[in-house]
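Since the structure comes first, as structure tokens, the remarks are kept for the end.
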Amino acid sequence: MSLLELNEVKVHFPVKRGVFFDRTVGHVYAVDGVSLTIEAGQTYGLVGESGCGKTTLGRAVLRLNEITSGEVVFDGTDLAALPDEEMRRSRRRLQMVFQDPLGSLNPRQNIESILAEGMAAHGIGANRTERRAKIVEVLERVGLPADALSRYPHEFSGGQRQRIGIARALVLEPDLIICDEPVSALDVSIQAQVINLLEELQESMGLTYLVIAHDLAVVRHISDVIGVMYLGALVEEAPSDLLYAEPRHPYTRALMSAVPVPDPEVEDNRERILLRGDLPSPANPPTGCRFHTRCPWRQAERCDTERPVLTELADGHRVACHYAAEIADGTIQPVRELAERIIPEGESVAVSEKADTGE
Amino acid sequence: MLRLVVRRLLQLIPTLFGLTVLLFIWIHRLPGGPAWALLGERGNEAARRQIEEQLGLNEPLLVQYGRWLRRLFELDLGNSVKTGQPVWDEFTLRFPATFELGVTALLFAVIIGIPLGYFAARRRGSWLDVTAVSGSLLGICVPVFFLAMILRSIFAVNLGWLPSGGRLTTGIDATDVTGFAVLDGVLTGEFDASWDAIQHLILPGLALASIPLAVVVRITRASVLEVLSEDYVRTAESKGLRKSVVRGRHVLRNALLPVVTTVGLLTGSLLSGAVLTESAFSFGGIGSFIRQAISDRDYPVLMGFILFIALLYMLINLVVDLTYGLIDPRVRVN
Amino acid sequence: ASERDDDNSGGDSEVFVFGAAGDPAAIDPSLGSDGETFRVTRQAFETLIDHEPGGTELVGGLAHDWSSNEEGTEWTFELEEGVTFHDGEELTAEVVCQNFDRWYNWAGTYQNTTLSYYWQAVFGGFAENESEDVPEPNYVGCEAPDELTATITVAEPSANYPGGFSLQAFSIHSPKAIEAYAEDDPSGEGENITFPGYSQEAGTVAGTGPFQVSEWNKGNGEVTLERFDDYWGETDAGVEELVFRTIPEESARRQALQAGDIHGYDLVAPADVSTLEEEGFQVPIRGVFNILYMGIIQERQPELEDVQVRQALAHALDRQNIVDTQLPEGGVAATQFIPDTVAGYSEDVQTYEYDPELAQELLAEAGAENLTLEFCYPTEVTRPYMPAPADIYELLRADLEAVGITVEPKPLTWNPDYQETTRSGGCDVYLLGWTGDFNDAYNFLGTWFDGYTKEWGFQNDEIFDLLSEVRTEPDVATREAMYEEANEAIMEFLPGVPISSSPPSIAFSPDVNLPTVSPLTQENFAEVSFK
Amino acid sequence: MSTKTDKIDRLAALTAQRETTTGGSLWVEAFRRLRSSKMALIGVAIMALFVVIALIGPWIAPHNPTSQLWRDEVFTNRGEFVGPRGENWLGLDHLGRDQLSRMLVGARQTLLVGVISTVLGFVVGALIGGVSGAALAFGGRAGQRLDTVLMRFIDMMLAMPSLLLAVSIAAVMGQSLTTVMIAVGVVQVPIFARLLRGSMLSQANADYVLAARALGVRRRRVVMGHVLPNSLGPVIVQSTLALATAIIEAAALSYLGLGNPDAAQPEWGVMLAQAERFFDEAPFMAICPALGIIVTALGFTLLGESMREALDPKLRS
Amino acid sequence: MPLLSVDELKVTFQGQGRRASTAVSGVSFDVDEGQVVGLVGESGCGKSVTSLALMGLLPKKGVRVEGRADYRGTDLLSLRPSAMRDLRGTQLAMIFQDPLSSLNPVVPIGVQVTEILSRHRGMRGQAARDEAAALLERVGIPDPTRRLKEYPHQLSGGMRQRALIAMAVACAPRLLIADEPTTALDVTIQAQILELLKELVDQEGTALLMITHDLGVVAGLCDDVNVLYAGKVVESADRRNLFAEPAHPYAHGLLNSIPRLDAPRGQPLNPVRGSINDQIAWADGCAFAPRCDHYTLECLEGAPELGPLAGAGAPAGHQVRCVNPVRERLETVTLADVGAGDDSPAEPVTQKEETSE
Ligand SMILES: Nc1ncnc2c1ncn2[C@@H]1O[C@H](COP(=O)(O)OP(=O)(O)OP(=O)(O)O)[C@@H](O)[C@H]1O
Ligand SMILES: Nc1ncnc2c1ncn2[C@@H]1O[C@H](COP(=O)(O)OP(=O)(O)OP(=O)(O)O)[C@@H](O)[C@H]1O
Ligand SMILES: [Mg+2]
Ligand SMILES: [Mg+2]
């Protein structure tokens with residue numbers, strides 16, 4: 001049985017106006033119908049551009065945001081329907097690691113107090129000594145010295161702070177850890193340390209991760225399954241290697257091709273799809289396929305009006321595109337001025353011209 | 001825009017209503033009544049009863065409030081117990097003085113405060129900065145009544161440069177048109193009178209400005225310091241723009257945003273400051289009238305005044321909000 | 001001391017500006033009850049009887065002679081000839097009667113004490129009383145047997161006559177003005193007390209005085225009076241224009257004088273007197289016509305009902321010290337509850353010298369060594385009889401503590417806490433005083449001792465009866481004797497400790513010719529002129 | 001082998017040395033900046049002096065501040081006030097009391113008024129602001145409503161001119177030192193309330209608060225243990241500023257005759273109010289308490305200002 | 001002769017009441033006309049300070065700038081402020097990291113573009129507006145005339161960055177400094193901006209000093225790369241050489257530690273130990289020594305010199321500041337040869353050392 005199952009989860013934030021009486025004038029469709037499944041022991045990676053709703057989705061699982069509709073089934077119970085107190089208690093099994101290591105640690109608490117707080121809230125460990133023993137154990141696990149107990153967050157380096165954040169989640173012995181951009185705030189040379197740690201821990205403790213990141217390389221490195229989000233919805237989901245080998249959704253393709261690779265040889269020789277235009281606002285998402293405003297493969301009518309659903313193409317490879325198959329086999333060529341294709345040898349030709357002249 | 005204003009105005013109503021209920025109870029719970037104030041040593045029990053009966057003060061508070069409210073709907077604030085004149089007339093009579101004084105004080109605060117705060121920030125840590133900051137703090141730290149006395153003593157008594165009090169020199173030819181002394185002089189061509197009125201405004205204006213001035217200096221300084229460290233100032237510098245453009249368009253314009261809000265909020269403190277300042281300079285505005293009304297337990301005046309002040313205060317804040325929207329495109333309403 | 005003096009001296013020499021402590025309530029004296037109002041109206045209105053310049057004796061005003069029948073119920077006034085009102089009307093006996101009938105027939109709002117305090121105090125109620133709290137009328141009617149003779153009849157004789165006829169409230173108005181008044185009915189609806197419009201704006205009111213009111217600028221707090229050229233008196237006013245400007249703060253008034261913005265002001269702080277004199281300002285000394293006392297509320301503590309204890313208090317207080325240090329020059333320590341300028345002052349009252357030892361002894365004898373007194377004093381006020389209440393309190397406190405009494409201070413704002421508290425018997429001892437309206441001791445003693453009040457909290461039928469009797473005694477000379485007796489009785493019983501009489505100081509700039517200063521603060525500004 | 005350990009030791013030493021020179025917490029850094037700020041130093045010096053005087057004033061006062069020891073001297077030369085002289089360094093007041101002793105003893109009263117009224121304003125304001133902020137941030141719909149009500153109330157208080165508020169409180173409660181403190185304190189309430197509420201709201205969305213909630217920490221504990229302590233910074237800074245205002249406001253009340261009833265007990269505000277009448281004749285009588293008040297208020301304000309600046313991360317340079 | 005030649009640039013901050021701290025302690029590099037030079041390094045290593053020093057934008061107070069920055073014969077570091085003002089915007093221009101905070105929020109985009117035109121090109125009124133619209137058009141902002149009237153907050157992140165670029169290139173500067181121009185942007189937008197920059201350099205022959213910490217960006221854009229560590233250039237080489245054969249242990253470690261999109265999965269990464277806080281002063285030795293796996297006692301004898309990479313076959317112009325540079329060629333493992341990964345990590349994360357600070 002899968003550990004976590006999201007069913008058509010929606011999180012809409014009301015947009016309020018007014019000084020004295022807030023009046024809702026619209027909604028931000030931050031997460032707009034996401035369904036996914038995470039198997040126990042797996043790492044699910046979530047990527048997507050800024051503002052597409054990754055964080056919101058992660059928080060929705062923990063109900064740190066109110067869920068507008070949908071189900072969050074964790075180990076058989078629908079969290080979305082739990083009363084507050086029970087939800088609070090079930091948070092022991094669901095933990096979170098935050099993007100900003102310093103910001104997520106209360107500057108006024110020492111490490112022991114930070115780590116003990118969750119234990120106290122869930123009645124883990126009968127007394128202080130017992131808790132301390134546990135804390136020391138976990139600290140060792142994440143690679144922090146025991147003398148860190150009485151120190152304060154600001155006395156640690158970025159990487160160490162993130163380890164504290166991880167330790168804080170670990171002391172509760174959770175089943176699922178949601179990592180919201182766990183390494184984005186860290187320097188390149190430190191990122192690897194934390195990624196290794198996360199992987200190590202998963203192996204030794206059998207953890208399940210939902211990893212949110214915008215760095216595709218990082219996500220790919222640690223994830224078993226990857227979901228690509230665009231404007232509040234999943235557009236593609238596939239096992240890690242498969243996704244990179246055969247991206248099917250036009251957005252995923254553009255994304256992949258835009259990621260710079262630290263290798264001049266590769267950089268000089270690969271073909272890239274450059275999207276035109278910017279991400280639409282989630283408060284006012286486009287109709288039909290959310291990506292149609294930027295899609296080089298956009299087709300008339302259907303893309304504008306009909307919202308594609310995630311459909312399984314191959315083994316565990318799900319794509320939300322009406323024309324995924326056609327694009328893959330080349331039946332449909334990229335058209336319109338929505339993208340340019342950068343072809344090596346410094347020659348860049350607008351796709352549109354090509355298409356126009358070709359027609 | 002208009003709709004927003006209307007909505008904001010409508011939203012004022014419940015607040016004001018709550019305010020009047022609270023205040024009515026509060027004011028009428030003040031010990032003593034107007035009788036003693038009216039008659040002084042000559043007052044006695046019988047007179048007190050008589051006055052209270054006449055004023056309806058012997059009735060239940062709820063009844064009194066109901067009556068007050070009903071009259072309010074007829075836009076009637078009642079009559080002052082002390083002067084026997086309609087509260088509204090008393091206000092319109094005295095408001096111009098307070099308004100002139102308040103504007104003068106604000107002008108002082110803004111005209112002196114902003115440059116001072118600006119230069120203090122530019123030369124942060126220099127003697128100019130320390131002087132400007134502590135000098136303006138001094139403004140906060142000197143009790144207004146004491147400042148008033150010192151100012152009078154120096155500029156009126158010893159130097160004789162400025163009048164010691166009042167709004168106009170007695171006997172000067174001034175025709176009353178609008179009640180605003182300076183404006184009247186201009187309207188009627190009696191520029192002497194305008195000039196005279198301005199002279200009379202300087203000392204009380206300074207005294208009243210002391211606190212707002214200090215606040216403006218502090219806010220401007222803090223705000224300029226903050227803006228100076230903003231990235232867009234660096235961008236402007238990187239474009240090689242002239243100093244004046246960088247400072248004017250990029251630094252000052254942004255730095256003044258919080259100053260605008262502050263100035264709006266200051267009007268509240270200006271009004272309470274006016275209570276002391278007007279008495280100290282016998283300026284005859286609302287402030288000194290109210291001070292008297294408190295000790296006279298002049299209920300209708302107090303109710304009317306506080307309603308008036310609250311309304312004014314909220315209106316000013318509305319105006320500030322709207323102005324803010326005008327000068328800061330980020331909060332502009334569509 | 002300033003350049004501005006020079007600016008003003010040229011064109012303004014004919015404008016005399018006087019700094020007043022408060023705004024007048026009205027420019028119709030009939031509606032007034034306070035000194036600030038009367039100071040202004042006095043310049044424009046005249047009464048049938050007046051006080052001698054600089055003194056308290058009654059002399060002729062608009063009536064050069066007056067007399068009463070033996071019972072003291074009919075008062076006949078012989079009017080001056082050729083008196084013209086500001087609006088050109090002539091003064092006749094008819095006019096006098098019209099005035100009195102106006103007051104007597106007041107109805108509605110007018111019947112409120114705020115508007116008709118003095119009428120009610122001197123002549124009782126109205127033709128038709130509208131409230132139970134209004135006293136029965138004592139006024140019966142007025143007749144004009146001839147052009148210049150007016151006879152006013154009252155129901156009962158009273159110690160208030162003839163002194164009451166000298167009150168500003170009973171100034172004589174022009175008949176045309178009275179007609180106009182009638183049209184301006186102040187009877188605002190409901191619970192409003194409204195001063196009628198004519199009393200708030202120059203134009204309608206008209207009297208016979210040397211000045212006529214030409215403008216009342218409330219916004220600037222200035223009342224302007226112009227010289228009345230057809231004044232009936234011997235000399236016209238010395239300045240063309242007289243302005244009363246309100247300057248509430250004491251120090252602001254002084255500085256305004258020093259800066260040359262005004263030419264004179266009243267209620268000079270005693271501490272400023274010497275400074276002003278040194279700077280060349282004129283600070284004439286007035287006579288005294290008031291009394292400051294320390295009230296004792298006997299009911300509050302059994303000890304206070306013991307006369308020995310009250311005597312101890314009297315002996316403990318160094319009154320001369322207060323006079324020397326707190327009062328302007330001319331102040332005197334008081335031996336009884338009236339100043340020595342009032343007829344009925346007794347030389348033979350029991351006196352209580354400053355003698356702390358004796359005070360201590362008396363306290364010991366009475367077994368009140370541990371006496372604790374709650375001592376009320378007013379703040380935020382100066383009164384003519386009490387220039388600096390807090391300082392006076394401070395001195396008295398030191399004196400009382402010196403004889404072993406514990407003093408608990410209870411300062412209260414004058415309006416209205418202090419008055420309310422002291423009147424309702426809320427403190428053991430307190431400071432209060434009285435300024436006379438006219439020269440009759442009843443105006444002082446009667447106010448306090450013609451019956452039981454909470455502000456004194458004692459029963460003494462001897463004193464009460466004596467004063468009730470004198471109240472209706474028609475003969476002035478008899479009254480005087482009775483007052484002396486009453487004073488002696490009072491000082492023996494010692495319901496409170498009279499402390500001092502204080503001349504309220506008035507100051508003028510060096511360049512004016514002074515008016516005769518009056519103990520009743522009834523200066524006639526027509527006498528003022530620039531040097 | 002020894003070279004190897006040598007190497008490690010040396011490196012460790014160098015690294016350690018580096019460690020002490022860099023970093024430092026927000027507070028340490030703020031403190032460091034505070035220490036180097038002229039304004040703060042002046043402020044602290046003034047404040048320390050004032051507190052010391054307030055504490056030991058009564059013991060070092062050369063004379064009894066309430067007894068009119070030289071009353072005869074003052075009174076015999078009426079209008080000639082006794083200025084500073086050997087016996088009375090700051091001269092005598094109008095009742096012949098030693099001005100220096102009154103200043104020294106009065107400092108305590110002044111401090112008391114300032115501190116207690118500020119504490120009062122702080123506590124009540126923080127309570128309202130705290131409840132309001134917590135309700136809005138964590139209380140759901142009902143909390144929002146509670147917040148609205150409380151904030152409307154605070155708005156009303158703000159709309160009332162502060163002096164009038166103080167005066168009317170003094171009128172209701174009767175005159176006493178307590179009244180002064182309450183009146184002055186109440187005026188500060190809305191400022192503290194708004195400040196704390198705003199500060200709490202900005203903290204309520206901080207990551208560490210979210211983290212605590214994610215841990216399953218109870219709401220009350222989230223508010224009390226995380227949001228509140230971290231929101232108090234600006235409020236504490238405000239309180240030093242408020243202290244200065246309180247002292248002045250108390251003086252203004254004294255001036256209006258609503259101050260400490262026991263006029264014998266020296267208090268700077270009362271002294272200043274009393275001396276105003278004699279300013280021309282005896283300026284020193286006014287100047288002593290005025291300077292006292294001004295300098296003290298300045299001290300507190302300078303400290304508050306520089307604290308605000310030191311804690312403001314944006315102004316670091 | 002290079003367009004810009006930076007020689008031993010040193011910047012020291014002497015904040016009030018704080019110890020002096022050296023942010024840049026001797027940086028030297030050259031930028032040739034039409035060349036893209038990269039400046040990479042971890043956060044806090046002095047990249048931004050270097051660029052600000054070159055532009056003369058560091059605060060005057062509490063900062064000491066030493067060294068030389070030779071731009072066409074004039075030393076930028078000792079230029080009078082007014083002369084510097086004339087140079088900025090025309091000869092030297094800069095693009096900043098955060099496009100939102102770098103634009104004045106209360107001034108319309110149009111004014112922010114035209115003000116530079118009127119300052120340096122004397123253009124006024126409609127002419128300036130037309131030129132501004134043309135500029136916006138050129139950097140790929142659709143509907144430029146409308147955008148001129150808009151405020152920064154009304155533009156998307158990518159458009160803001162384009163507007164900043166438009167301002168930077170308004171007067172055809174010879175040297176463009178871009179301080180992490182894409183860090184705040186999404187990958188797809190980043191690609192657009194990088195493409196735009198490349199185009200500008202190609203068309204105008206402008207020299208570009210590209211500051212970034214993203215090695216991928218460097219790999220795709222730069223001709224020469226300078227790797228900074230703790231305020232000094234530790235390695236400087238042609239892009240291909242650097243990526244193929246990073247000689248400094250830091251550069252080597254860095255390249256070794258980042259996960260690559262095209263690398264096989266399932267391998268632990270090879271992180272560099274410790275963090276940038278674990279550094280020693282250059283005066284005491286190599287700042288990287290505490291994190292270095294290869295350090296020797298020699299490393300602690302003063303700062304090593306930046307010198308050409310010794311050894312046979314070492315490419316010209318490849319300079320490194322290390323006593324014992326890494327000699328092994330970095331194996332590029334691509335999807336093509338999955339499974340043939342490097343399975344000998346230099347050293348596993350040793351927690352002891354990591355936390356010994
Ligand atoms: N509390 C909130 N109220 C209103 N809107 C919100 C709120 N939180 C997030 N949003 C909006 O919801 C959308 C999704 O935000 P979210 O933080 O989930 O994006 P993200 O994918 O995590 O982006 P990033 O990569 O920048 O972290 C954004 O447009 C954001 O502005
Ligand atoms: N104004 C300043 N005062 C004091 N120190 C400063 C100042 N500006 C920068 N520094 C210090 O100089 C060093 C280099 O900073 P710089 O901004 O150049 O780093 P960077 O390489 O640009 O980092 P990032 O990648 O984070 O932008 C840092 O240690 C920083 O703390
Ligand atoms: Mg996010
Ligand atoms: Mg940087």
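- Here CG of A/Asn196 is found 5.0 Å from CG of E/Leu269. Values are rounded to the nearest 0.5 Å.
- With a threshold of 4.5 angstrom between heavy atoms, E/Val218 does not approach chain A through any atom at all.
- Open room surrounds CD on A/Glu203; 12 or fewer heavy atoms of other groups in view lie less than 6.0 Å from it.
- Using a 4.5 Å cut-off between heavy atoms, E/Asp202 does not touch chain A at all.
- With a 4.5 Å cut-off on non-hydrogen atoms, A/Leu216 touches chain E through its backbone and its side chain both.
- When only modelled atom types and interatomic distance are considered, A/Glu49 and E/Thr188 share a side-chain donor-acceptor pair under 3.5 Å.
- Taking NE2 of A/His221 as the reference point, atom CD1 of E/Ile258 lies at 12.5 Å (rounded to 0.5 Å).
- Heavy-atom distances place the backbone of A/Ser223, and not its side chain, under 4.5 Å from chain E.
- Defined by atom type and a distance below 3.5 Å, a donor-acceptor pair is present between the side-chain atoms of A/Ser189 and E/Arg291.
- For the atom pair A/Gln193 CD and E/Arg273 CZ, the distance stands at 10.0 Å (nearest 0.5 Å).
- Of the charged side-chain nitrogens involved, none lies within less than 4.0 Å of a carboxylate oxygen, so that E/Arg239 and A/Asp263 do not count as a salt-bridged pair.
- Ranked by heavy-atom pairs under 4.5 Å with chain E, the list A/Val218, A/Ile195, A/Val261 is led by A/Val261.
- When each of E/Asp186, E/Leu185, E/Val187 is tested with A/Ser50 by the rule side chain to side chain contact (heavy atoms under 4.5 Å, CB included), just one qualifies, namely E/Asp186.
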Please evaluate residues E/His213 and A/Asp187 with respect to the criterion side chain to side chain contact (heavy atoms under 4.5 Å, CB included), reporting the C-alpha separation (whole Å), side-chain torsions for both, the decisive distance (0.1 Å), and the verdict. CA-CA 9 Å; E/His213 60 247; A/Asp187 265 325; 5.6 Å; no

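- Residues that satisfy the salt bridge (Lys or Arg N to Asp or Glu O under 4.0 Å) test with E/Arg160, not counting sequence neighbours, are absent from this structure.
- Put simply, of A/Ala258, A/Ala254, A/Gly51, the one with the most heavy-atom pairs under 4.5 Å next to chain E is A/Ala258.
- Residues A/Pro260 and E/Asp214 approach most closely at CG-OD2, 4.1 Å, considering heavy atoms.
- Interface residue A/Ile222: only backbone heavy atoms are found under 4.5 Å from chain E.
- The shortest non-hydrogen separation linking E/Pro259 to A/Ala217 is O-CB, 3.4 Å.
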